Amino acid sequence: MEFIPLAPEQRRSFDEDGFLVVRGALDAEKIARLVEAGDRLAAPFFAKPELFDRPEYNHLDLRPGLLREGPLFELVTNDATVPLVAQLLSPNIHLHSTALIYKRPESPNAPPFRRGWHRDIRIPKDLGHQALPLVSIKICYCLTDFHGSDCGMTLMARGSHRRAAPLAIPRGQVDPPDVEVCDLRLNAGDALLFENRTFHTAAPNRSARVSRVLIYGYAYRWMKPEVYLDVPDPQLLAKADPIARQLLGGYRDVDTPPWALQDWARRYKVDRVDVPWTVET
Ligand SMILES: O=C(O)CCC(=O)C(=O)O
């Protein structure tokens, strides 16, 4: 994996907003290969009849089996984004989740479907909303343009990663009035990085085209990945370079090497300050 330095303004914007847009993270050729592979995985979804008034038939959230498609496997170490995650979070990470999310056009009059503001990984259910740690970052890759409102992009509540309470949503409404809800304008190839504490929700696709994204989540290696990634696929490990092996969970336990991404971070002088177990007094 190449080294792309995290610019100070990128760190600032991620720290302030709880998310970061990386423009042009995929070139046209990569987008075309990802769409071709993604559409292959989505073939049973496209084969279903389109029911304009029933959004539940028009949303696909496919998680297992994505990495068996070559272009989706290569995305695990994508040069323009994963180095930024290693610098924003830590090199001590692995791939925690994968999702292919396609939404066919739906009626503006259809009831909100999968609209549910949340923080990722259910951590507040155990720890509460106060003093939540940053432990994972998702990369949402746009495979289509998102140029209008309500065209399928996940909504972000700006700055909500710092919130120490649940979101307050008045009865009968779907969005919180006291936070800035961002329906971002993005181009195919752009990536949206967002962290586990940032409140976000699925949104409808009221455009005329199918919306397509891939979302890969990275988390500390001591966090159990989602079930379909929990036991690394030997066929995938066989073709992985050392960094991809780490990201795919190809190591014995969290306390022993190889730590390919730590070596990579040391080489480019972006490794974390070592936290010692003991200090001399
Ligand atoms: O379908 C969407 O846009 C929502 C995705 C989401 O909430 C998530 O990845 O946690």
Side-chain angles (χ1 to χ4, degrees), residues 17-22 25 34 38 41-42 45 54-67 72 75-76 81 85 89 95-106 110-125 129 132 134-158 160-161 163 166-167 169 174-176 179 181-186 188 190-207 209-219 223-229:
D17 296 337
F19 60 84
L20 171 71
V21 173
V22 178
L34 288 165
L41 292 165
F45 167 71
R54 303 283 298 275
E56 66 272 29
Y57 288 94
N58 294 325
H59 285 216
L60 171 68
D61 183 338
L62 180 68
R63 295 187 177 227
L66 303 193
L67 304 184
L72 277 72
L75 202 59
V76 173
T81 46
V85 173
L89 188 58
L95 187 66
H96 186 262
S97 63
T98 53
L100 172 97
I101 300 180
Y102 280 15
K103 296 172 189 169
R104 293 196 291 203
E106 64 193 67
F113 173 65
R114 291 183 64 229
R115 184 62 154 251
W117 288 93
H118 63 281
R119 290 175 143 158
D120 272 338
I121 327 186
R122 300 180 63 82
I123 303 172
K125 300 279 177 194
H129 284 286
L132 267 185
L134 161 63
V135 292
S136 86
I137 295 177
K138 277 184 173 166
I139 307 175
C140 173
Y141 294 100
C142 304
L143 303 184
T144 42
D145 289 333
F146 290 85
H147 287 172
S149 60
D150 281 341
C151 65
M153 176 46 57
T154 313
L155 303 179
M156 298 285 133
R158 194 190 299 279
S160 60
H161 58 309
R163 193 176 174 103
L167 286 184
I169 302 180
V174 288
D175 293 328
V179 292
V181 173
C182 301
D183 191 355
L184 297 164
R185 301 296 184 266
L186 300 165
D190 290 348
L192 167 66
L193 277 55
F194 60 99
E195 57 129 298
N196 59 288
R197 296 172 299 182
T198 304
F199 281 95
H200 58 283
T201 178
N205 174 19
R206 293 182 178 144
S207 72
R209 56 87 179 98
V210 175
S211 73
R212 293 171 166 85
V213 300
L214 282 162
I215 304 185
Y216 285 18
Y218 297 81
M223 289 171 60
K224 187 183 189 303
E226 287 194 358
V227 62
Y228 47 86
L229 296 172

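Predicted, not measured: the structure shown is a model, and the values here were computed from it. One-based numbering, in listed order, for ligands and for the atoms of each.
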| Do R209's NZ or CZ and the ring of F146 fall within the cation-pi criteria of under 6.0 Å and 45°? | yes
| message | I'd like to check which ligand 1 atoms, numbered from 1 as shown, lie under 4.0 Å from a non-hydrogen atom of I215. | response | 9 (O)
| query | Hey, are the side chains of R115 and P204 touching, using non-hydrogen atoms and a 4.5 Å cut-off? | reply | yes
| Is there any N or O on K103 that sits under 3.5 Å from an N or O of ligand 1? | yes
| query | Have H59 and N205 got a donor and an acceptor in their side chains that come within less than 3.5 Å? | reply | no
| message | For L155, is there any backbone N or O sitting under 3.5 Å from a side-chain donor or acceptor partner on T201? | response | no
| said: List ligand 1 atoms under 4.0 Å from D120, heavy atoms only on the residue side. | reply: 10 (O)
| query | Considering only heavy atoms, does T154 approach ligand 1 within less than 4.0 Å through its side chain, its backbone, both, or neither? | reply | both
| message | Quiz question: by atom type and distance under 3.5 Å, do the side chains of T81 and Y216 form a donor-acceptor pair? | response | no
| query | What protein heavy atom sits nearest atom 7 (O) of ligand 1, and how far away is it? | reply | H118 CE1, 3.0 Å
| request: Run the numbers for me: atoms of ligand 1, each under 4.0 Å from some heavy atom of R114, listed by number. | output: 1 (O)
| field | R185 side chain vs H147 backbone, donor-acceptor pair below 3.5 Å | value | yes
| request: Pick one of side chain, backbone, both or neither for how V213 approaches ligand 1, counting any non-hydrogen atom pair under 4.0 Å. | output: neither
| request: Can you pull out the closest protein heavy atom to atom 9 (O) of ligand 1? Residue, atom name and distance to 0.1 Å, please. | output: K138 NZ, 3.1 Å
